[in-house]
Amino acid sequence: AVMLKSGTSMFGTTGALSLFTGSSTSARAGELIAHVGDSSSGVGGAITLEGGSSDHAEGGAVSLRTGVGDITSGQIEIATGHAVSTTSGAIVIDTGTSNQGGSGAVSLTSGHTDGRSQVTGSVL
């Protein structure tokens, strides 16, 4: 097993953990790939991205954002895998519950365009 971990702190900020790939001026820049193990007879490994918890303030956020591009920005794809003999996986978007306030909202929006003859994207 490989573990990357920053330090802990009782009164201050803990250390950050950053992963970077190299930049390129004339070709494709480096990629960051996270792949968990496959299984031939059991359940394949899972990936969890989770923001930190807080006892007295806001919990940590999780952000997925594509890069800015001169021609197009990057694409975010959320898809389940193909199932050979049963039902494929579900996609669940769920806000947390609240003990004393409202729960979070789910918002799907399409960006705007500054181009005069361009059409904005659709939410289908």
Side-chain angles (χ1 to χ4, degrees):
V2 175
M3 178 187 286
L4 301 175
K5 182 178 179 181
S6 69
T8 58
S9 173
M10 295 221 20
F11 301 107
T13 303
T14 63
L17 180 62
S18 301
L19 300 174
F20 294 95
T21 65
S23 298
S24 174
T25 58
S26 62
R28 186 180 194 117
E31 294 180 343
L32 180 61
I33 298 170
H35 180 85
V36 296
D38 300 327
S39 174
S40 60
S41 61
V43 177
I47 295 178
T48 301
L49 299 174
E50 182 175 340
S53 298
S54 173
D55 291 335
H56 302 289
E58 285 186 23
V62 175
S63 298
L64 296 176
R65 184 171 297 156
T66 67
V68 173
D70 185 40
I71 298 173
T72 61
S73 63
Q75 174 178 316
I76 295 177
E77 179 178 334
I78 300 173
T80 65
H82 174 75
V84 175
S85 61
T86 61
T87 305
S88 66
I91 295 176
V92 177
I93 299 174
D94 186 14
T95 66
T97 59
S98 173
N99 292 337
Q100 298 180 359
S103 65
V106 175
S107 176
L108 296 175
T109 60
S110 174
H112 71 281
T113 178
D114 293 331
R116 293 183 184 167
S117 63
Q118 301 298 319
V119 178
T120 59
S122 300
V123 176
L124 307 174

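Predicted model, so just to flag it, every value in this text is computed and none were measured.
- In this structure, S98 and S103 approach most closely via the heavy-atom pair CB-N, 4.5 Å.
- Nearest heavy-atom pair, T21 versus G30, reported as atom, atom and distance to 0.1 Å: OG1-O, 3.1 Å.
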For residues 37-44, tabulate all N or O donor-acceptor pairs below 3.5 Å that involve a side-chain atom, not counting sequence neighbours.
residue: S39; atom: OG; partner: S41; partner atom: N; Å: 3.4
residue: S39; atom: OG; partner: G42; partner atom: N; Å: 2.7
residue: S39; atom: OG; partner: G42; partner atom: O; Å: 3.4

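- Shown here for S6 and T14, the closest heavy-atom pair between the two residues is OG-OG1, 4.3 Å.
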Review item, side-chain donor-acceptor pairs of residues 57-85, under 3.5 Å, at least two apart:
residue: T66; atom: OG1; partner: G74; partner atom: O; Å: 3.3
residue: T80; atom: OG1; partner: G89; partner atom: O; Å: 3.3

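- Across G22 and A29, no two heavy atoms sit closer than the pair O-CB, 3.6 Å.
- Using a 4.5 Å cut-off between side-chain heavy atoms of Ile, Leu, Val, Met, Phe, Trp and Tyr, with links allowed through other members, M3 and V36 fall into different hydrophobic clusters.
- In terms of heavy atoms, G12 sits closest to S9 at N-OG, 2.8 Å.
- Atom CD1 of I91 has more than 12 neighbouring heavy atoms from other residues, nucleotides or ligands inside a 6.0 Å radius.
- Residue pairs meeting the salt bridge (charged side-chain N to carboxylate O under 4.0 Å, His left out) criterion with at least one member in residues 15-36, sequence neighbours excluded: R28-E31.
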